[in-house]
Peer 1: 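This structure is in structure tokens; I'll ask about it shortly.
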Amino acid sequence: MMKNTVLILTLSGLISCTWVKVSKEGEGMTVATLNEVATCRVMGTTVVALRDRIWRIKRNPEKVRLELETLARNRAAVLNGDTIVPIGPITEGEREYRVYLCQQD
């Protein structure tokens, strides 16, 4: 009984953890909607993915969404963008984002 309790508590802790950290370059990224980027330049797209389950247990959907967003922000810097827009739903821990440059000098 005690082993099961410890296992359940451990799994609960793992499921609620945030594993993805924003990079220095990703910190300055904006997350927007399609309406907000009408005058921005498209720089490309990126598809990001992570585990949305630990063993057979689904992770918190909001944490998964935030971690995918963080991954997309980090990757957008490589495409020289400053804004990301999610394109479509999250499917099995994967989501596509379009990268834009909105703050043109």
Side-chain angles (χ1 to χ4, degrees):
M1 180 69 169
M2 183 63 151
K3 287 183 183 180
N4 287 342
T5 302
V6 170
L7 179 61
I8 290 169
L9 290 174
T10 301
L11 285 175
S12 296
L14 286 173
I15 291 168
S16 65
C17 286
T18 299
W19 303 98
V20 181
K21 303 295 181 202
V22 67
S23 67
K24 183 179 178 183
E25 296 81 9
E27 286 178 1
M29 296 295 156
T30 301
V31 181
T33 65
L34 282 175
N35 293 337
E36 297 171 307
V37 294
T39 60
C40 302
R41 182 173 157 210
V42 177
M43 303 303 284
T45 60
T46 186
V47 177
V48 292
L50 50 73
R51 290 187 167 270
D52 64 344
R53 296 174 185 266
I54 297 192
W55 287 301
R56 293 183 179 149
I57 302 171
K58 269 187 104 60
R59 293 182 61 214
N60 179 313
E62 181 63 12
K63 288 203 181 276
V64 169
R65 184 191 67 77
L66 290 171
E67 288 183 12
L68 289 169
E69 192 173 277
T70 299
L71 284 171
R73 289 170 60 196
N74 292 345
R75 289 208 186 149
V78 174
L79 295 171
N80 297 316
D82 59 15
T83 304
I84 60 170
V85 175
I87 306 298
I90 298 169
T91 306
E92 295 181 12
E94 182 176 287
R95 192 173 208 182
E96 182 177 8
Y97 290 82
R98 192 160 296 132
V99 180
Y100 294 86
L101 179 61
C102 296
Q103 301 297 319
Q104 298 175 8
D105 294 325

Peer 1: Could I get the full list of side chain to side chain contact (heavy atoms under 4.5 Å, CB included) partners for Arg98, not counting sequence neighbours?
Peer 2: Leu34, Val42, Thr45, Ile87, Tyr100
Peer 1: Under 4.5 Å side-chain heavy-atom separation, chaining through any Ile, Leu, Val, Met, Phe, Trp or Tyr, what else clusters with Met29? Say none if it is isolated.
Peer 2: none
Peer 1: I'd like to know whether CD of Glu92 has more than 12 heavy-atom contacts from other residues, nucleotides or ligands below 6.0 angstrom.
Peer 2: no
Peer 1: Looking only at heavy atoms, which two atoms of Thr83 and Ala32 are closest? And how far apart?
Peer 2: CG2-CB, 3.6 Å
Peer 1: Minimum heavy-atom separation for Asn74 and Gly26, please, with both atom names.
Peer 2: OD1-CA, 3.8 Å
Peer 1: Taking the side chain from Arg95 and the backbone from Val48, do they hold a donor-acceptor pair closer than 3.5 Å?
Peer 2: no
Peer 1: Under the rule for salt bridge (Lys or Arg N to Asp or Glu O under 4.0 Å), what residues qualify as partners of Glu62, not counting sequence neighbours?
Peer 2: Arg65
Peer 1: My understanding is that only residues two or more places apart in sequence, or in another chain, count here; which of them pass side chain to side chain contact (heavy atoms under 4.5 Å, CB included) with Val78?
Peer 2: none
Peer 1: Drop me the distance from Glu25's CD to Asp82's CG, to the nearest 0.5 angstrom.
Peer 2: 14.0 Å
Peer 1: Dump the intermediate steps for side chain to side chain contact (heavy atoms under 4.5 Å, CB included) on Val99 and Thr46, then the final yes or no.
Peer 2: CA-CA 7 Å; Val99 180; Thr46 186; 4.2 Å; yes
Peer 1: Please say yes or no: joined through hydrophobic side-chain contacts below 4.5 Å, possibly via intermediate residues, are Met43 and Val85 part of one cluster?
Peer 2: no
Peer 1: Tell me, please, which residues at least two apart from Thr33 pass side chain to side chain contact (heavy atoms under 4.5 Å, CB included).
Peer 2: Asn35, Glu36
Peer 1: Checking Arg73 side chain against Val31 main chain: does a donor-acceptor pair fall under 3.5 Å?
Peer 2: no
Peer 1: Ala76 and Ile84: which non-hydrogen atoms are nearest, and at how many Å?
Peer 2: CB-CG2, 3.5 Å
Peer 1: Checking Glu69 against Tyr97 for the side chain to side chain contact (heavy atoms under 4.5 Å, CB included) test, could you report, in this order, the C-alpha distance in whole Å, the side-chain angles of both residues, the deciding distance, and whether it holds?
Peer 2: CA-CA 9 Å; Glu69 192 173 277; Tyr97 290 82; 4.0 Å; yes
